[in-house]
Engineer: 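Could you have a look at this structure, given as structure tokens, before my questions?
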Amino acid sequence: ELQAIREQGYALDDEEFETGLRCVAAPITLNGTVVGALSCSAPSSRMGDELLPTFLAGTRRRAQMIASEFEKRGLRRLN
């Protein structure tokens with residue numbers, strides 16, 4: 001599963017943690033190193049397969065915004 005996440009660049013919790021809940025997660029990367037992740041959760045009735053790409057795109061965009069803000073502030077790693 002971890003290899004698939006690395007290859008696709010995101011993680012998906014498809015009701016594994018809790019029935020009726022889906023979650024997508026995108027990495028926060030600094031200097032080529034994943035230092036964290038940002039996730040978005042919603043009821044599976046609202047995050048259906050047709051909307052999953054929209055949730056994923058928004059989560060990836062926000063993760064990149066966080067990384068950009070860290071870089072702007074001169075952070076190279078998180079302690």
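From a predicted model like this one, the values you see are computed outputs, not experimental measurements. One is the number of the first residue; the rest follow in order along the sequence.
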Engineer: Met65, Leu38: one ILVMFWY side-chain cluster at the under-4.5 Å cut-off?
Structural biologist: no
Engineer: With rounding to the nearest 0.5 Å, note down the distance linking CG in Asn31 to CD in Glu71.
Structural biologist: 6.5 Å
Engineer: Could you check whether any side-chain N or O of Glu16 sits under 3.5 Å from a backbone N or O of Asp14, counting only pairs where one atom can act as donor and the other as acceptor?
Structural biologist: yes
Engineer: Where is the tightest heavy-atom contact between Pro27 and Ala63, given as atom of each residue plus distance?
Structural biologist: O-CB, 3.5 Å
Engineer: Hydrophobic cluster membership, with links at side-chain heavy-atom distances under 4.5 Å among I/L/V/M/F/W/Y: are Val24 and Leu51 in one?
Structural biologist: yes
Engineer: Tell me, yes or no, whether the heavy-atom count around Glu1 atom CD, taken from other residues, nucleotides or ligands under 6.0 Å, exceeds 12.
Structural biologist: no
Engineer: Distance from Arg61 atom CZ to Ser68 atom OG, nearest 0.5 Å?
Structural biologist: 13.0 Å
Engineer: Nearest 0.5 Å please: distance from the CZ atom of Arg6 over to the CD atom of Gln3.
Structural biologist: 5.5 Å
Engineer: Minimum heavy-atom separation for Met47 and Cys40, please, with both atom names.
Structural biologist: CE-O, 3.6 Å
Engineer: For Pro43 versus Leu21, what's the shortest heavy-atom pair and its separation?
Structural biologist: N-CD1, 4.2 Å
Engineer: If you compare all heavy atoms of Phe55 against all heavy atoms of Arg46, which two are closest, and at what distance to 0.1 Å?
Structural biologist: CE1-O, 3.5 Å
Engineer: Should Asp49 and Arg22 be marked as a side chain to side chain contact (heavy atoms under 4.5 Å, CB included) after you check the CA-CA gap, both sets of side-chain angles, and the distance that decides it?
Structural biologist: CA-CA 10 Å; Asp49 290 340; Arg22 288 182 105 181; 3.1 Å; yes
